[in-house]
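First up is the structure itself, then whatever we jot down about it.
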Amino acid sequence: MPGEPLVCVWEAAYALSSDNNKRLTVSHIKEVTLSFKDLPSVEYSERKFNRLFACSDKVKLVNYKSYVHSVLIASDVRLLQLLPEIENRCWEICRNRYDSTNIPDDVAEMLWRIFNRFADENTFPVLIPAEEMQFLITCLGEKLEIDKKRMINSLGKNTTFATFLNTLNGFVSSPAHIRALRSSVSNIHEKFVKNFIKWGWMHIGTKLMSKFTFWEECWFVLTNERLSYYGKSFLADRSGSSFKGEVIITSETRLEPLPADDFLYKSYSGCFKLSSNQDELEISCGTDIERRFWMELILESIETSSCANNDAILPEKNHIKPFVVEDSNKVSAINKNEKETTESKDVIEIEEEKLKVIFMKLDKDGNGILDKDEFFKFFSLVGMNSMSEENSNQVFDSIDSDKSGNISFDEFVKYFETAIFQEGEGDSVSNRLRDAFLSADRDGSGTINVKEYIEYMWEQKRGVALSKLMKTFESIQQSGDEEISYEKFQELFKDDPNVLSKTGPSSTNENMNKMLKKLYDDSNSDELAEFLKDRWSSFSSFKRKGASGKVVMSSPDEMVADFTPGSYSLMDLACFSDVPPIEPKHTVVNGVKWISGPEPGKSGKCVFPSDFDGKILCDFGTNETLRYYGCSFANGKQEKISLLYRHGITDFLYANKYLDDYVKLTNGGSGIEKHPFSHLDCPMEDDSGYFILGKFVSADEIHLTAFRIPKLHALYVPGNVIHSNDYLKGKWRTMLSDEATIDHVHLVKQAKDTVNHFTLEFM
């Protein structure tokens with residue numbers, strides 16, 4: 001059932017499986033569970049684990065949920081406290097096996113959590129159904145400009161997270177793509193991970209007569225505030241039009257179990273009643289175990305609402321019975337008394353184009369940075385005569401975080417995010433801290449010395465001892481520094497509002513923030529094009545004529561990009577959002593079946609259709625073309641990767657007869673392979689042969705390319721990427737490992753009752 005957080009344990013078990021076995025065993029789950037032993041919310045007992053799962057060599061998620069909810073969880077710990085800890089630990093296990101060359105780690109982590117919420121909990125490795133994947137890609141495509149249809153087609157019917165991430169990686173090739181992806185993923189994560197506790201299919205009962213109840217299947221969504229239910233069309237269109245009703249969860253909400261109900265020769269079990277004010281629902285979960293899951297999570301939501309109301313009507317503890325796992329061993333239920341509130345902030349998306357419009361209005365000389373004179377004159381120009389030059393300089397210095405004497409565009413954006421958008425109110429802690437710092441900074445230097453600090457604190461707390469003030473000041477001074485910055489001031493007083501100034505420049509600072517917010521609201525991102533056209537008038541609409549009088553060089557009206565002074569990666573500068581990702585030349589073959597060997601160390605076979613001629617396209621290896629297969633050149637890149645196994649680097653010399661004399665005659669024929677460890681392959685000579693890369697884009701469709709790798713370019717091949725070195729020549733420097741099983745398959749074509757080996761040819 002989608003929406004189950006503990007799917008992450010299955011993901012971790014697959015990551016720890018050295019041969020990526022598609023069969024889940026108790027030993028896999030035990031290895032993951034052992035990694036939870038040091039978590040504060042866990043009480044692990046090997047004896048209890050073995051007793052519960054000793055009867056079988058496989059385990060179902062429903063049994064493991066029973067174990068987590070009733071045995072693994074520590075006393076007086078709430079389930080909503082334990083589950084995030086387990087999910088965090090599972091991500092630590094999984095993160096190193098995924099390749100996300102272009103996708104930042106934090107975005108990949110959010111995607112992983114989202115994927116697990118949509119995945120089918122009854123699969124191993126964990127798979128996401130096609131309809132759920134289609135919905136997820138549609139959500140991503142709302143801000144990320146990708147070919148959604150092509151991506152959906154390339155993923156196939158059921159997809160693992162590794163395949164999904166690797167495919168998405170090929171669609172993200174520029175900083176603009178990454179920003180759009182981060183925004184989309186944050187929104188989806190906020191909606192389906194942070195705000196949702198559980199969702200799934202259940203039946204809702206409607207009384208027809210005194211003895212009969214009609215049961216209708218609905219899609220239920222539980223949050224901290226409500227239990228909502230939707231019609232069957234919800235998963236198809238995800239629209240509000242399928243909304244049928246909800247029960248608001250408050251301290252007055254009642255929760256009680258009900259006996260099973262029989263209606264029209266069908267039994268509806270796992271029933272309970274949820275009532276709040278005038279709303280009342282009778283619900284059937286299908287099983288007593290699933291009822292326990294729902295009731296326990298709803299109970300915790302009621303407890304959250306009950307923190308301020310001791311008279312809340314909660315179900316008696318004996319109403320929620322212990323779990324029963326399939327071997328009939330009973331485990332005791334655990335009381336949960338700890339109160340916990342969950343706060344969620346509204347995510348405000350800032351349009352960078354609109355901020356740049358405001359920045360360019362302030363930047364009169366167009367050099368991409370603001371000086372103090374431009375800053376002060378602008379506020380005088382818009383009527384803020386109450387802001388003195390001294391006060392303007394104080395605000396300027398607090399925004400100028402690197403103390404360069406200028407405000408960069410990045411510093412300007414950061415100020416908007418923290419002082420104007422994040423807090424919202426002028427009386428917020430953040431703005432009050434800024435006001436307090438400005439009041440204490442008597443000389444407007446942007447830092448506070450000991451004299452200014454003591455004078456300000458004495459004004460706020462006249463009874464405080466001088467020795468205590470000196471001790472506090474010294475505790476926040478950096479070693480060797482005589483003054484403290486605004487950042488250090490924030491760290492010290494962010495949790496102590498009693499010291500915050502309510503006088504001084506606060507009203508002026510608040511008015512300035514309101515004025516900047518109004519400028520932002522009134523600005524139009526379309527204005528940016530005109531500003532840039534005017535700023536770059538010498539380059540836009542550029543024309544150069546030759547001796548013949550004809551235009552021999554020209555430029556369009558609009559600039560492709562504009563960069564203000566600051567630090568950028570070369571990728572920021574050179575990857576253009578309007579240029580689609582480059583795909584290498586590749587051969588598409590349908591009807592392909594990968595059959596792994598019968599045991600580790602034995603080759604399997606990759607069966608191609610009988611009409612495949614064995615010819616594949618060639619291309620030159622570049623970072624752009626290699627990215628299609630999740631690979632890249634390591635030379636000159638400072639990106640960090642994690643190696644799951646011990647690796648060694650050595651030189652291999654491939655003789656001219658390597659293919660004919662060894663591959664064909666000794667090794668059983670040409671093949672391709674994949675394995676969990678990573679590769680580095682660097683040709684040391686010009687004539688180095690062909691390095692084969694491939695990937696399945698659906699269950700039976702494979703793409704293949706024969707790459708020419710330039711001399712002394714180290715090719716990085718992440719774990720589980722399909723490849724072959726059968727066609728290499730000369731000396732290659734290679735990084736590899738002997739600690740994981742290689743899944744090697746021979747290339748064969750099925751023709752009636754015969755199997756014919758073949759070798760790839762290149763065109």
Side-chain angles (χ1 to χ4, degrees), residues 99 101 584-587 601 603 606 614 616-639 641-695 703-747 758-763:
D99 173 56
T101 308
K585 299 173 185 176
H586 59 272
T587 299
S603 295
C606 191
I616 65 172
L617 293 170
C618 304
D619 207 341
F620 288 98
T622 67
N623 275 322
E624 289 72 22
T625 56
L626 294 169
R627 188 179 294 122
Y628 185 72
Y629 294 101
C631 304
S632 61
F633 284 131
N635 306 65
K637 295 185 70 173
Q638 295 301 318
E639 180 182 340
I641 63 167
S642 296
L643 299 179
L644 298 179
Y645 308 94
R646 188 166 187 172
H647 286 65
I649 295 180
T650 189
D651 290 335
F652 290 111
L653 183 61
Y654 296 86
N656 291 333
K657 293 184 178 181
Y658 175 74
L659 176 63
D660 293 328
D661 199 19
Y662 173 75
V663 173
K664 292 181 180 180
L665 300 179
T666 306
N667 199 42
S670 180
I672 51 179
E673 65 186 40
K674 58 183 178 179
H675 41 68
F677 60 85
S678 303
H679 256 229
L680 275 184
D681 294 276
C682 180
M684 311 299 283
E685 301 172 7
D686 290 322
D687 186 10
S688 56
Y690 293 94
F691 197 99
I692 312 302
L693 290 175
K695 69 176 181 179
H703 293 187
L704 293 165
T705 302
F707 281 102
R708 283 285 196 181
I709 306 299
K711 179 181 177 180
L712 299 182
H713 282 59
L715 170 64
Y716 171 62
V717 182
N720 294 310
V721 171
I722 296 172
H723 64 281
S724 174
N725 62 352
D726 287 352
Y727 307 91
L728 302 185
K729 295 180 181 179
K731 185 177 179 182
W732 283 71
R733 180 157 293 177
T734 301
M735 181 184 78
L736 71 173
S737 177
D738 59 1
E739 295 185 355
T741 303
I742 298 174
D743 187 0
H744 179 271
V745 290
H746 289 123
L747 304 180
F758 70 93
T759 301
L760 295 174
E761 298 178 23
F762 312 121
M763 56 182 182

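In what follows, every heavy atom counts, from backbone to side chain, and hydrogens, waters and symmetry copies are set aside.
Looking at every heavy atom in both residues, Ile616 comes nearest to Thr705 through CD1-C, 4.1 Å. Here the shortest heavy-atom pairing between Thr741 and Pro676 reads O-CD, 3.5 Å. Between Cys631 and Val721, the shortest heavy-atom distance links the atoms SG-CG1, 4.0 Å. Here the closest heavy-atom approach between residue Ile672 and residue Ser724 is recorded as CG2-CB, 4.0 Å. The minimum heavy-atom distance between Phe633 and Gly621, with the atom names listed, is CE1-O, 3.2 Å. Closest heavy-atom contact between Ser678 and Gly719: OG-N, 3.7 Å.
Within the 4.5 Å cutoff, the side chain of Met684 has heavy atoms near those of the Cys682 side chain.
Judged purely by atom type and a 3.5 angstrom limit, Asn667 has no side-chain atom pairing as donor or acceptor with the backbone of Tyr662. A donor-acceptor pair under 3.5 Å links the side-chain atoms of Ser737 to the main chain of Glu739, judged by distance alone. Under a 3.5 Å cut-off, the side chain of Ser632 and the backbone N or O of Leu626 do not form any donor-acceptor pair. Proximity of a side-chain donor or acceptor of Asp726 to a complementary backbone N or O of Ser670 within less than 3.5 Å is not detected.
For the atom pair Met735 CE and Thr650 OG1, the distance stands at 13.0 Å (nearest 0.5 Å). Summarising the geometry, atom CG belonging to Leu617 is positioned 11.5 Å from atom NE2 belonging to His703; distances are rounded to the nearest 0.5 Å. One finds the CG atom of Leu715 at 12.5 Å from the OH atom of Tyr629 (value rounded to the nearest 0.5 Å). If you take OG1 on Thr625 and CZ on Arg708, they are separated by 14.0 Å, rounding to the nearest 0.5 Å. A distance of 12.5 Å separates CZ of Phe652 from CH2 of Trp732, quoted to the nearest 0.5 Å. A distance of 4.5 Å separates CG in Leu747 from CZ in Phe758, rounded to the nearest 0.5 Å.
A salt bridge does not link Asp686 to Lys729: none of the charged side-chain nitrogens sits closer than 4.0 Å to a carboxylate oxygen.
For Asp660, the salt bridge (Lys or Arg N to Asp or Glu O under 4.0 Å) test picks out Lys664, with sequence neighbours left out. Under the ring pair (Phe, Tyr, Trp, His ring centres under 6.0 Å) criterion, His744 pairs with His746, sequence neighbours left out. Remark: Lys731 pairs with Asp651 by the salt bridge (Lys or Arg N to Asp or Glu O under 4.0 Å) rule, at least two apart or across chains.
When each of Ile692, Asp681, Leu693 is checked for a side-chain contact (heavy atoms from CB on, under 4.5 Å) with His723, only Leu693 meets the rule.
Aromatic ring orientation, His586 versus Tyr628: parallel (interplanar angle below 30°, classes split at 30° and 60°). The aromatic rings of Phe677 and His675 sit parallel to each other, their planes meeting at less than 30°, with 60° as the upper class boundary. Ring-plane geometry between Phe762 and Tyr727 is classed as perpendicular, the angle between the planes exceeding 60 degrees on a 0 to 90 degree scale with a lower cut at 30.
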>> Using side chain to side chain contact (heavy atoms under 4.5 Å, CB included), reason through Tyr654 and Asn725 one step at a time and then give a plain yes or no.
In response: CA-CA 10 Å; Tyr654 296 86; Asn725 62 352; 3.1 Å; yes

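Shown here is Asn656, whose CG atom has no more than 12 heavy atoms of other residues, nucleotides or ligands within 6.0 Å.
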